[in-house]
Amino acid sequence: MQNLKNKLKHPIFQCISQTSERLGIDAYVVGGFVRDIFLLRDNHDIDIVVLGNGIDFALAVAEQLGIAAKNVAYFKNYGTAMFHYKGAEIEFVGARKESYSHHSRNPHVEAGSLQDDQNRRDFTINAMAISLMPDSYGELIDPFHGLEDIKSKTIRTPLDPEITFSDDPLRIMRAIRFATQLHFSVHSDTFSGMQRAAHRIDIISKERIVEELNKILLSSKPSIGFLLMDKCDILPRILPWIAQLKGVEVIDGHGHKEIFYHTMEVTDKVAMHTNNLWLIWAALLHDVGKPATKKYVKDIGWTFHQHEYIGSKMVVKIFRSLKLPLNEKMDYVKKLVALHLRPIALVEDEVTDSAVRRLLFDAGDDIDDLMLLCEADITSKQQAKVIRYLHNFEIVREKLKEIEEKDRIRNFQPPISGELIMQTFNLPPCQEVGTIKNAIREAILDGIIENQYEPSYQFMLKEAEKLGLTPKK
Ligand code: ATP
Ligand code: MG
């Protein structure tokens with residue numbers, strides 16, 4: 001039997017051990033914390049299972065540590081209690097036995113043994129416990145050989161997979177999420193259970209699904225998770241817009257690029273370079289407008305006219321449907337999807353100062369994120385083409401830098417305000433003010449005048465004259 005005493009470094013463990021002896025209640029650390037000892041991952045979430053009342057036990061430990069009872073959060077309904085201590089979040093629960101009904105992932109719960117509690121856990125790697133009682137302190141209790149599965153990098157359910165996943169289909173997403181985060185494979189029997197229970201995912205709330213999706217997107221290689229979601233047929237149920245990217249249509253012998261795999265490549269590349277969840281969402285959704293805009297045009301081939309525009313409109317629908325935040329994060333994703341072709345269009349055409357200025361103006365502070373997305377979007381089977389594009393992309397980057405230094409367009413504030421226009425020509429708020437303001441902005445973006453007060457003022461006078469306005473004396 002393996003002893004893990006020296007892995008229980010946090011002072012809470014000794015304290016729990018003493019409380020366990022004093023109260024005569026068995027206590028164990030279980031789940032993710034134990035798993036992460038072997039994966040050498042830092043984990044500050046410590047889950048404690050006791051053979052008794054979890055809340056009473058937590059209050060006793062807190063008292064011993066001098067933590068006021070008011071700082072222990074507990075949920076009578078769930079029999080759980082939690083407090084923070086020296087950088088860790090420690091949660092206590094009584095060991096339990098669960099039974100499920102068909103309509104809900106919320107089980108009927110009753111008190112049980114440690115073995116019952118380990119049985120109800122999702123995967124063998126998450127079902128290990130370490131004893132905290134003084135006479136067996138540090139002993140690993142691993143009835144399902146979770147340690148072997150860690151060594152062979154395997155996700156496997158402790159009990160019958162079909163029942164496990166049907167009882168709580170969120171576990172399908174958790175299996176895929178762990179496989180993605182840890183680069184583990186799902187055992188074939190476990191995977192069959194996932195496939196058979198896939199239709200049950202509909203009973204899970206969007207919020208919980210998105211929580212797992214976000215963890216997948218923040219992994220080093222999100223495509224692992226998306227390919228598994230596709231393989232077990234859960235993808236069309238939770239992300240139909242992404243499932244619709246699959247496949248290649250052929251007309252007159254001409255096929256188009258496979259958009260799903262392309263999207264995976266782009267998402268992986270972006271995820272490799274950033275921890276910005278919303279930028280990774282933008283990568284996932286950048287081509288989501290393609291199926292709706294796909295058209296085969298004779299002598300030209302496949303076109304996806306305005307897919308960036310349709311796609312950015314779809315972002316709103318997708319965010320709403322997934323209960324993702326409908327706030328500035330969504331606006332950011334919308335904007336990146338809408339603009340994702342702009343930098344590459346510069347690569348294809350001649351890079352003019354005014355096109356670069358317009359891009360800076362439209363992207364604002366998000367220009368670097370847009371450039372990352374756009375560069376990741378350059379994928380092709382023809383290596384020479386990729387190299388040529390990436391080279392031209394460097395030219396665009398340099399140009400952006402040069403123009404930004406010169407003109408400071410990124411956070412563009414027009415040098416002439418609407419108020420100044422009204423004052424100068426003695427105008428109330430009216431259409432003419434807007435017309436003059438726009439004309440000044442366009443002239444600056446086109447490089448006709450410099451982004452400074454004096455030339456803008458002179459330009460304003462000329463524009464006003466065209467409208468028959470004269471400055472007040
Ligand atoms: P993370 O690193 O994301 O926190 P975790 O394994 O610690 O991973 P938690 O959601 O914190 O995940 O859950 C703690 C433990 O509770 C898990 O290790 C597992 O034993 C158990 N568990 C959590 N969710 C489920 C579930 N849906 N079904 C069965 N057991 C679960
Ligand atoms: Mg955890």
Side-chain angles (χ1 to χ4, degrees), residues 10 12 28-50 54 75 78-82 84 87-101 104-109 112 114-130 140-147 149-150 154-184 186 190 193-194 197 200-201 203-205 207-220 225 234 277:
H10 198 284
I12 193 70
Y28 306 86
V29 52
V30 290
F33 183 87
V34 180
R35 176 200 67 216
D36 287 346
I37 288 177
F38 299 107
L39 290 172
L40 308 176
R41 295 206 313 176
D42 256 351
N43 192 330
H44 304 282
D45 289 344
I46 301 176
D47 290 321
I48 305 295
V49 163
V50 301
F75 305 93
Y78 297 99
T80 62
M82 188 275 288
H84 293 270
E89 188 178 301
I90 302 138
E91 194 169 320
F92 297 80
V93 65
R96 49 171 144 165
K97 192 176 171 160
E98 294 182 342
S99 51
Y100 285 82
S101 69
S104 158
R105 65 174 289 265
N106 299 320
H108 171 74
V109 175
L114 175 68
Q115 174 83 44
D116 288 330
D117 201 278
Q118 285 175 299
N119 283 345
R120 75 175 178 85
R121 296 191 175 259
D122 49 5
F123 308 115
T124 59
I125 60 168
N126 286 344
M128 295 183 282
I130 300 173
L140 179 70
I141 303 144
D142 180 17
F144 306 110
H145 308 290
L147 192 51
D149 283 341
I150 286 188
T154 307
I155 306 286
R156 185 204 311 256
T157 58
L159 304 178
D160 181 337
E162 193 160 352
I163 298 171
T164 304
F165 290 116
S166 178
D167 277 351
D168 177 4
L170 180 64
R171 293 169 182 158
I172 302 173
M173 287 302 292
R174 284 177 57 90
I176 294 173
R177 186 256 288 188
F178 284 118
T180 313
Q181 281 181 327
L182 305 175
H183 292 220
F184 277 28
V186 182
T190 297
M194 288 161 62
R200 302 255 307 143
I201 197 73
I203 68 167
I204 303 296
S205 74
E207 288 84 348
R208 289 205 181 268
I209 290 177
V210 161
E211 205 181 317
E212 299 301 328
L213 273 178
N214 285 345
K215 287 183 179 174
I216 291 170
L217 287 170
L218 287 169
S219 305
S220 59
I234 211 171
L277 175 65

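A quick note: this is a predicted structure, and the numbers were derived from the prediction, not measured. In listed order, ligands and their atoms are each counted from 1.
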Would you mind running through ligand 1 and noting each atom that sits below 4.0 Å from a heavy atom of [X]?
{"X": "Arg105", "answer": "27 (N)"}
{"X": "Arg120", "answer": "29 (C), 30 (N)"}
{"X": "Phe178", "answer": "6 (O), 8 (O)"}
{"X": "Lys215", "answer": "3 (O)"}

For [atom], the protein heavy atom that lies nearest, with its residue and separation:
{"atom": "atom 4 (O) of ligand 1", "result": "Asp45 OD2, 4.3 Å"}
{"atom": "atom 6 (O) of ligand 1", "result": "Arg35 NH1, 2.7 Å"}
{"atom": "atom 21 (C) of ligand 1", "result": "Arg121 NH1, 3.4 Å"}
{"atom": "atom 14 (C) of ligand 1", "result": "Asp47 OD2, 3.4 Å"}
{"atom": "atom 18 (O) of ligand 1", "result": "Gly32 N, 3.1 Å"}
{"atom": "atom 9 (P) of ligand 1", "result": "Arg174 NH1, 3.9 Å"}

Considering only NZ, NE, NH1 and NH2 on the basic side and carboxylate oxygens on the acidic side, decide whether Asp117 and Arg121 come within less than 4.0 Å.
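Arg121 and Asp117: salt-bridged.
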
Tell me whether ligand 1 is touched by Arg177 - counting only heavy atoms on the residue side and a distance under 4.0 Å.
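A heavy atom of Arg177 does come that close to ligand 1.
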
query: Mind checking whether Phe178 and Phe123 have parallel, tilted or perpendicular rings, split at 30° and 60°?
result: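 Ring orientation, 0 to 90° scale: perpendicular.
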
Name the residue from Arg171, Arg174, Arg156 that meets the salt bridge (charged side-chain N to carboxylate O under 4.0 Å, His left out) definition with Asp122.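 Single salt bridge (charged side-chain N to carboxylate O under 4.0 Å, His left out) partner of Asp122 among Arg171, Arg174, Arg156: Arg174.
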
